[in-house]
> 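Got a structure for you, written out below as structure tokens; questions coming shortly.
One-based numbering, in listed order, for ligands and for the atoms of each. Excluded from the calculations below are hydrogen atoms, water molecules and symmetry mates; all remaining heavy atoms, backbone and side chain alike, are included. FYI, the numbering just counts along the sequence from 1.
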Amino acid sequence: MKKFKVAALAGDGIGPEVMREAIKVLRATEKKFDFTTEITEAPVGWAGIDAAGKALPDATLELCKKSDSILFGSVGLPDRDPTIPKEERPERAALLRIRKEFGLFANLRPVQLPKALAHACPLAKERQGDGIDILVVRELTGGMYFGQPKKTEDLGGGNFRAIDTMVYTTPEIERIAHVAFKAAQLRRKKLTSIDKANVLENGILWREVVTRVGKNYPDVTLEHMFVDNGAMQLMLRPTQFDVMLCENMFGDILSDEAAAIAGSLGMLPSASLGATSNENTFGFYEPAGGTAPDIAGKNLANPIAQILSVALMLRHSFGLNDAAAAIERAVKTAIEAGNRTGDIFSASEANARKVGTREMGDAIAAAV
Ligand code: NAD
């Protein structure tokens, strides 16, 4: 039987509540499929500061290093001690540190809008087809956010010149392209590569390299699209997309645009992947949203983003595609049965029933 080690870092706010439901669903999935996970929980964020004086305690980091993947909740509480410097606050001290420590270069953000949640989507119903299912793959460590030089020069007379540099190398593009093509092979086998090859040198290289990498994946249909058109097409005809591959900044923007389609942050999981060794890809799995302090501790949070993060972990770190698909199907079943947390509830739906975090987790675990 396959066995995996998972570090579960629930963090702050709604983190512990939604993590509990995710672990519940993971345990139900283990019973149906031939694998086990050794889950070790550890504090991070303000919980880390309270327990060990640091947002990412040394023991938590050590646990992560010994694990096959990290299942993360979220960190940060805006109202806690404003005197703590930015670098020590959880968002930076925990999240950025983990990204760097584990070389997480690929960010995967699936956006799924089941037909039953058509009302939660800001797009007109006729644009939603039979439901929307897009995976945005974003390069996470290169491009304009990290390129050098990066500075602001004082030109005198109250004028300044700000410089950011967009840089990509062939290997950086190759490795993210492989991630995207492999993900497409597990889905509907279509990849749309986003660039700005009509204006940017980076875009020309991006398009060349992605096209070359694509030759290794003849079963995946590759198309190229300029980023401005991509932004527009997401609103006009989102059902045309399967996997969208983007460099860092374009992916930052388009993944949020795509996320709006899903109607609630509580529905959106994400994966950040590092290098693959011995067939095992180290990954960091978390909901796209934050700690939602406004609803924390009230059994109101939607646990689906955290539960779908488990599905991503099974697929991308452990290669358990059937088990991952079973969780995704179970989420759909629970929604189709009318279960709605507050964020996806609409009084206009005839068969919808408002449920709490725990009840939604129970419904999904039962459906697995
Ligand atoms: P947020 O995502 O926590 O909340 C925004 C809105 O979405 C709120 O109304 C919240 O109730 C709702 N929401 C979010 N997740 C939900 C869920 N699962 N179910 C139902 N509703 C949900 O963003 P914010 O309020 O800007 O940030 C709060 C804190 O979270 C801040 O300290 C911020 O820095 C932190 N944050 C952390 C992460 C992370 O850990 N990766 C990401 C984003 C924000």
> Please name all residues satisfying side-chain hydrogen bond (donor to acceptor under 3.5 Å, both in side chains) with Arg175, sequence neighbours left out, ordered by chain then number.
Thr141

> Under 6.0 Å between ring centres, would you say that holds for Phe102 and Phe284?
no

> Can you tell me if His119 uses its side chain to pair, donor with acceptor, with the backbone of Ile344 under 3.5 Å?
yes

> Starting from atom 21 (N) of ligand 1, what is the nearest protein heavy atom, named by residue and atom, and what distance separates them?
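Atom 21 (N) of ligand 1 sits closest to the protein heavy atom Ile295 CD1, 3.6 Å.
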
> Going by atom types only, do Tyr285 and Gln306 share a side-chain donor-acceptor pair under 3.5 Å?
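No, Gln306 and Tyr285 have no side-chain donor paired with an acceptor closer than 3.5 Å.
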
> Just to verify, what does Asp130 make a salt bridge (Lys or Arg N to Asp or Glu O under 4.0 Å) with, not counting sequence neighbours?
Lys115

> Look only at the side chain of Arg188 and the backbone of Phe241, and say whether a donor-acceptor pair between them is shorter than 3.5 Å.
yes

> Cation-pi check for Phe35 against Lys2: NZ or CZ below 6.0 Å from the six-membered ring centre and within 45 degrees of the axis, yes or no?
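Cation-pi check for Lys2 and Phe35: fails.
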
> Is Thr291 touching ligand 1 with its side chain, its backbone, both, or neither, if touching means heavy atoms under 4.0 Å apart?
both

> Does the protein come close to atom 32 (O) of ligand 1 - that is, does one of its heavy atoms sit below 4.0 Å from that atom?
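Looking at atom 32 (O) of ligand 1, one finds that a protein heavy atom does lie closer than 4.0 Å.
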
> Does only the side chain of Leu77 get under 4.0 Å from ligand 1, or the backbone, or both, or neither? Count heavy atoms.
backbone

> Indicate whether the side chain of Asn107 and that of Ser272 have a donor and an acceptor atom separated by less than 3.5 Å.
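A pair is found: one side chain offers a donor N or O, the other an acceptor, under 3.5 Å apart.
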
> Counting only nitrogen or oxygen atoms and a 3.5 angstrom limit, does Gly290 reach ligand 1?
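Yes, there is a polar N/O contact under 3.5 Å.
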
> Among all the protein's non-hydrogen atoms, which is closest to atom 8 (C) of ligand 1, and how far away is it?
Asp294 OD2, 3.6 Å

> Report yes or no: do Thr37 and Arg27 form a side-chain donor-acceptor pair below 3.5 Å?
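Note: Thr37 and Arg27 side chains meet the donor-acceptor criterion.
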
> Is the contact between Glu286 and ligand 1 made by the side chain, the backbone, both, or neither, using heavy atoms and a 4.0 Å cut-off?
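It is the side chain that gets close, since no backbone atom is under 4.0 Å.
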
> For the pair Asp256 and Arg109, find out whether any cationic side-chain nitrogen is under 4.0 Å from an anionic carboxylate oxygen.
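Result for this pair is yes, salt bridge flagged.
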
> Identify, by atom number and element, the atoms of ligand 1 in contact range of Glu91, meaning under 4.0 Å from any of its heavy atoms.
31 (C), 32 (O), 33 (C), 34 (O)

> Using a distance-only test with no angle check, is there a side-chain donor-acceptor pair under 3.5 angstrom linking His224 and Thr211?
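Yes, a side-chain donor-acceptor pair sits under 3.5 Å.
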
> What part of Ile14, side chain from CB on, backbone N/CA/C/O, both or neither, has a heavy atom under 4.0 Å from ligand 1?
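Near ligand 1, Ile14 shows its side chain, while the N, CA, C and O stay back.
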
> Can you sort out which atoms of ligand 1 are near Leu95, meaning under 4.0 Å from one of its heavy atoms?
39 (C), 40 (O), 41 (N)

> Short list, please: which atoms of ligand 1 are under 4.0 Å from a heavy atom of Ala301?
19 (N)

> Between Pro293 and ligand 1, which part of the residue brings a heavy atom under 4.0 Å of the ligand: side chain, backbone, both or neither?
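Side chain only; the backbone of Pro293 stays clear of ligand 1.
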
> Looking only at N/O atoms, are Asn302 and ligand 1 under 3.5 Å apart anywhere?
yes

> Answer yes or no: does an N/O atom from Ala288 fall short of 3.5 Å to an N/O atom of ligand 1?
no

> Quick check against the 3.5 Å criterion: does Glu21 have a side-chain atom that pairs as donor or acceptor with the backbone of Val18?
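Looks like no, no N/O pair under 3.5 Å.
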
> Check this for me: Lys32, atom NZ, are more than 12 non-hydrogen atoms of other residues, nucleotides or ligands nearer than 6.0 Å?
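Check fails, neighbour count at 12 or below.
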
> Within 4.0 Å of atom 24 (P) of ligand 1 (strictly less), any protein heavy atom?
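Within 4.0 Å: no protein heavy atom nearby.
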
> For atom 14 (C) of ligand 1, what's the nearest protein heavy atom and its distance?
Ala292 CB, 3.8 Å

> Have a look at ligand 1 and work out which part of Leu265, if any, has a heavy atom under 4.0 Å from it: side chain, backbone, both or neither.
side chain

> Is Ala305 close enough to touch ligand 1? Criterion: a residue heavy atom under 4.0 Å from a ligand atom.
no

> If you measure every N/O of Ser74 against every N/O of ligand 1, is any gap under 3.5 Å?
no

> Is atom 27 (O) of ligand 1 near the protein, in the sense that some protein heavy atom lies at less than 4.0 Å from it?
no

> Ligand 1 and Val75, any nitrogen or oxygen pair closer than 3.5 angstrom?
yes

